[in-house]
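To start, the structure under review is shown below, and the notes come after it.
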Amino acid sequence: NSGTFDEFNIKYSDKNEKDKAVILIVEDDKDAREYIRGSLEPNYHVLEATNGNDGIERACKEIPDLVISDIIMPDKDGYELCGTLKKDVRTSHIPIILLTARTSESSIIQGLELGADDYITKPFNTQVLHARIKNLIRLRHLLQQQRHREISKLPSKLPETPIDQNFINELHTTLEENMSK
């Protein structure tokens, strides 16, 4: 499984550890966390958190490419984690997959209304999880590329004063340098 991910150059090769997408697993059950980690590690750099509070802190510090969170956990549950991360400007762009044994439509709707990007019921097929992860990361990458194109199309001569022009130039440079964050 070495190479690039589609035409978007999202790398998942063991040789390019620094280029792997980063996935944060938030799961209080050690066995479940290790199972998910084991299925993802060959292709992704995996971080772990054991509860919602730790997951929020880790996501804000590390800014992963994707978060996978159980719903039922001590302290903050997966719904609270999702709602908090989606309201924070630093993490609102991160795709979140919620995992749970709950299969009721109301549970699914609650997670989606809080901003979850996907919802998978346990037990799950790891191939399905991998496909959904790849799709969400690809979608985020496409959105980043689109935003970059939109920013680069901004007119270069909006402001009239040199101070305004300097501000716009600095803003444009900062946005380009930090687009992936």
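The closest side-chain donor-acceptor pair between R138 and N135 falls under 3.5 angstrom.
For the pair R33 and D70, the salt-bridge criterion is not met [side-chain N within less than 4.0 Å of a carboxylate O].
In this structure, the side chain of E113 does not engage the main chain of Q110 through any donor-acceptor pair within 3.5 Å. Not one N or O on the side chain of N51 forms a donor-acceptor pair closer than 3.5 Å with the backbone of P74. One N or O on the side chain of R140 and one on the backbone of H93 form a donor-acceptor pair closer than 3.5 Å.
Evaluation of the salt bridge (charged side-chain N to carboxylate O under 4.0 Å, His left out) rule for R37 yields E41, E48 as partners, not counting sequence neighbours.
Hydrophobic clustering of Ile, Leu, Val, Met, Phe, Trp and Tyr side chains at less than 4.5 Å, counting indirect connections, unites F124 with I68.
With respect to L112, the side-chain contact (heavy atoms from CB on, under 4.5 Å) criterion is satisfied by exactly one of L114, I109, I108: I108. V26 pairs with exactly one of L81, I71, I96, L47 by the side-chain contact (heavy atoms from CB on, under 4.5 Å) rule, that one being L81. None of L24, N53, I25, V67 except one satisfies the side-chain contact (heavy atoms from CB on, under 4.5 Å) rule with R58; the exception is L24.
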Notebook entry, point to check: Do D117 and K86 pass the salt bridge (charged side-chain N to carboxylate O under 4.0 Å, His left out) test, and can you show the C-alpha distance, the side-chain angles, and the key distance before you say yes or no?
Noted result: CA-CA 10 Å; D117 296 271; K86 289 299 183 176; 2.9 Å; yes
Next item on the list: Could you walk me through whether D65 and Y44 pass side-chain contact (heavy atoms from CB on, under 4.5 Å), step by step?
Entry: CA-CA 10 Å; D65 295 294; Y44 302 98; over 6 Å; no
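Interatomic distance, CG of D54 versus NZ of K76, reported as 12.5 Å (0.5 Å rounding).
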